[in-house]
Amino acid sequence: MGQQGSDIPSTSRSSENAITMNRMPEHEEYIPISPNLIVNRAKIEASFERCGDLVILDWRYGPGLAHTAFSVYFRTLVQEKTHNYMKESLQDLVQHEVGPAEKITPEDVIAFFGRSGVSANSAIVVNSYDEAVLNILNGSIVIFINEWDQALSYEALNVAMRQVSESVLEPVVQGPRWSTVEEIEKNIGMLRSLLKSPNFKLESFVAGKEVRRDIAYGYLEGAVNPEMLTEFKRRIEDVGEEDILETSYLEEWIGEGKYSPFPQVRYTERPDSSIAALLDGKIVVMVSGTPTMMICPGLFFEYFSATEDYYHRPTFSSFIRLLRVGAFFIALMLPSVYIALTTFHSELIPTVLLLAILDTREGIPFPAFFEAFLMEIFFELLREAGIRMPRPIGSAVSIVGALVIGQAAIQAKIASPVMIIVVALTGIASFALPQYNMALAVRILRFPLMLLAASLGGLGIMTGFLLLLLHLTCQRSLGQPYLSSMAPLEINQLRDIFIVVPRKILTRSPRNRHRHLSASGRSKSR
């Protein structure tokens with residue numbers, strides 16, 4: 001047995017532990033592997049033409065080194081050179097089958113691996129050419145052997161990945177501090193380690209024609225609503241050949257009312273938040289290459305709660321949750337209320353406060369609406385600049401910019417101090433919402449309400465509020481009412497919307513509503 005190069009590899013992981021197998025997407029055309037090694041090599045070279053990081057190594061084995069094989073891999077995906085899979089495979093075959101290495105023939109290799117022979121590094125037998133290409137792209141080493149219309153694939157992916165660390169987007173005061181990473185297998189492993197139940201089911205598939213991302217979704221059997229799960233599967237099947245780069249790409253297929261500003265799914269990077277959602281009967285979706293996990297369906301009142309609420313005493317958690325609800329209304333309606341009061345309903349303002357406002361507005365050339373609109377635009381620009389700039393200077397630019405622009409606007413008589421306070425309170429209130437996508441909806445809806453307040457005063461605010469309420473009432477997420485448990489009203493579920501009751505009162509899990517409902521139904525039937 002001889003060789004003309006060194007086969008690659010890295011820390012090998014068994015295919016049995018892989019979350020998603022290197023399988024061929026359903027939309028791929030089935031092209032069989034040729035038993036002629038020259039034909040197979042020509043196909044590989046044609047498929048990966050002008051790929052400078054592709055490595056093809058030729059091998060010889062058997063009596064007089066008369067038989068040939070070659071291995072294919074990307075050196076940028078397989079970095080460590082510690083194993084020789086071709087050599088180890090033949091050595092395992094020698095120990096199990098034929099004795100001296102020089103007697104190995106292609107028939108021996110085919111018979112051994114065709115019967116799923118035991119190898120030191122678990123090999124996957126590849127049946128089609130397209131499947132072999134997909135395995136190569138996934139970081140495997142694929143070995144083609146002469147006179148065999150199949151190939152061997154060894155998982156050898158070794159790309160540098162970010163280590164598990166504390167979540168940046170969801171900081172925590174008390175509770176687990178690890179967050180998900182871009183590697184889907186690690187994320188699922190973290191969920192498995194926290195939810196040690198055989199009822200935790202996981203299904204996966206490959207989506208995309210070019211990127212071919214692994215997509216996995218999990219749910220807790222017995223807690224998830226079966227009708228909702230069926231509807232979710234029907235929608236997720238439509239992804240097909242769409243190239244999915246991030247979890248949020250899937251929201252367009254899963255959600256309803258695509259032009260609605262209100263989100264219908266939640267996002268998290270914390271495994272404990274995902275576990276709480278699974279216990280609540282939710283579906284958790286993960287995409288390889290991104291740390292963000294999607295929780296669906298997302299109902300309106302769930303955007304005011306956080307997993308950390310259940311780590312504190314109920315009195316404090318209830319106060320914080322009510323504070324978030326108040327922050328939602330402040331962020332949504334405070335500029336509109338100020339415009340309506342100062343423009344149409346000044347008689348509702350106490351006299352002393354009205355005189356103070358009129359004194360600060362003296363010399364302001366703009367009406368209240370234009371003043372508020374201008375300052376809100378300035379604030380949004382500062383917020384976006386702080387997000388997009390490098391992290392060490394982003395926060396400093398936001399704070400200094402707000403102070404400088406606010407003070408300069410007051411001195412230039414462009415805005416009044418009261419308006420600066422209103423805009424600042426509005427921005428701070430939007431930061432208090434746990435879910436960023438709900439804060440985005442509030443930022444968008446604030447401007448139409450300001451326009452209605454400037455046009456019709458209090459009547460305009462009421463009209464806009466009623467239209468929003470009507471829209472929320474009609475909205476559904478995966479077939480579930482968006483405002484449940486308020487509309488339709490479920491009295492026994494109101495305990496976990498605005499008020500967090502002691503955990504002893506909540507049975508089993510503070511969030512597992514579907515299981516509670518089924519349990520109560522069984523007890524009543526008995």
Side-chain angles (χ1 to χ4, degrees), residues 10-23 77 138-140 155 157-172 175-208 211-221 223-224 229 232-233 236 239 243-251 253-254 265-298 306-308 434-437 511:
S10 68
T11 306
S12 176
R13 293 171 296 182
S14 173
S15 60
E16 297 177 355
N17 297 328
I19 300 301
T20 53
M21 303 297 293
N22 294 333
R23 54 192 173 282
L77 297 179
N138 284 338
S140 297
E155 186 177 358
L157 179 66
N158 188 28
V159 178
M161 292 289 183
R162 182 170 61 93
Q163 297 299 316
V164 176
S165 61
E166 187 173 352
S167 176
V168 177
L169 298 180
E170 297 177 280
V172 59
R177 298 184 180 275
W178 57 353
S179 66
T180 52
V181 294
E182 286 74 12
E183 196 170 357
I184 190 172
E185 295 182 15
K186 287 186 178 180
N187 297 338
I188 297 177
M190 285 188 279
L191 297 184
R192 286 285 187 193
S193 66
L194 294 176
L195 187 57
K196 301 176 182 179
S197 170
N199 293 325
F200 176 34
K201 307 302 180 182
L202 186 74
E203 301 184 36
S204 60
F205 63 97
V206 178
V211 298
R212 291 177 176 176
R213 292 292 175 91
D214 292 327
I215 299 177
Y217 58 91
Y219 53 90
L220 188 62
E221 192 173 49
V224 67
L229 180 61
F232 171 83
K233 291 182 177 180
I236 203 71
V239 175
D243 292 321
I244 305 298
L245 302 181
E246 213 272 338
T247 315
S248 57
Y249 279 46
L250 298 173
E251 187 173 355
W253 282 269
I254 297 175
V265 296
R266 291 183 289 149
Y267 298 99
T268 184
E269 291 183 355
R270 290 175 52 181
D272 57 328
S273 297
S274 299
I275 295 300
L278 289 169
L279 292 174
D280 191 23
K282 305 292 183 181
I283 302 171
V284 175
V285 186
M286 292 157 282
V287 177
S288 60
T290 173
T292 307
M293 292 189 287
M294 176 190 294
I295 300 173
C296 56
T307 306
E308 197 173 350
Q435 287 288 321
Y436 181 70
N437 48 2
R511 296 188 173 193

Could you measure the distance from the [atom1] atom of [X] to the [atom2] atom of [Y]? Nearest 0.5 Å is fine.
X: Leu245; Y: Ser288; atom1: CG; atom2: OG; answer: 10.5 Å
X: Arg213; Y: Thr247; atom1: CZ; atom2: OG1; answer: 9.5 Å
X: Asp272; Y: Leu194; atom1: CG; atom2: CG; answer: 7.5 Å
X: Ile236; Y: Leu229; atom1: CD1; atom2: CG; answer: 11.5 Å
X: Trp178; Y: Ser167; atom1: CH2; atom2: OG; answer: 13.5 Å
X: Glu183; Y: Leu157; atom1: CD; atom2: CG; answer: 7.5 Å

Contact between [X] and [Y] at the side-chain level, heavy atoms closer than 4.5 Å - yes or no?
X: Val287; Y: Ile184; value: no
X: Cys296; Y: Val285; value: yes
X: Val224; Y: Lys201; value: no
X: Leu195; Y: Leu279; value: yes
X: Pro297; Y: Lys282; value: yes

Ignoring hydrogens and geometry, is there a side-chain-to-backbone donor-acceptor pair from [X] to [Y] under 3.5 Å?
X: Asn437; Y: Val265; answer: yes
X: Glu170; Y: Glu269; answer: yes
X: Thr290; Y: Glu246; answer: no
X: Thr180; Y: Pro291; answer: yes
X: Thr292; Y: Tyr267; answer: no
X: Arg212; Y: Asn138; answer: no
X: Arg177; Y: Val172; answer: yes
X: Asn187; Y: Val181; answer: yes

Requested in this report: Take Ile215 and Tyr249 through the test side chain to side chain contact (heavy atoms under 4.5 Å, CB included) and record every step on the way to the result.
Outcome: CA-CA 12 Å; Ile215 299 177; Tyr249 279 46; over 6 Å; no

Requested in this report: Dump the intermediate steps for side chain to side chain contact (heavy atoms under 4.5 Å, CB included) on Leu278 and Phe200, then the final yes or no.
Outcome: CA-CA 8 Å; Leu278 289 169; Phe200 176 34; 3.7 Å; yes

Report task. Let me see the working for Ile283 and Lys233 under side chain to side chain contact (heavy atoms under 4.5 Å, CB included), right down to the final yes or no. Result -> CA-CA 10 Å; Ile283 302 171; Lys233 291 182 177 180; over 6 Å; no

Requested in this report: Dump the intermediate steps for side chain to side chain donor-acceptor pair (under 3.5 Å) on Ser273 and Thr307, then the final yes or no.
Outcome: CA-CA 6 Å; Ser273 297; Thr307 306; 2.9 Å; yes

Minimum heavy-atom separation for [X] to [Y], with atom names?
X: Pro271; Y: Ser179; answer: CD-CA, 4.1 Å
X: Ser274; Y: Val284; answer: O-CG2, 3.9 Å
X: Val239; Y: Ala207; answer: CG1-CB, 3.8 Å

Query raised in the report: Is the Tyr219 to Phe232 ring centre distance short of 6.0 Å?
Result: no

Report task. Before giving the answer on side chain to side chain contact (heavy atoms under 4.5 Å, CB included), spell out for Arg270 and Met190 the whole-Å C-alpha distance, their side-chain angles and the decisive distance to 0.1 Å. Result -> CA-CA 10 Å; Arg270 290 175 52 181; Met190 285 188 279; over 6 Å; no

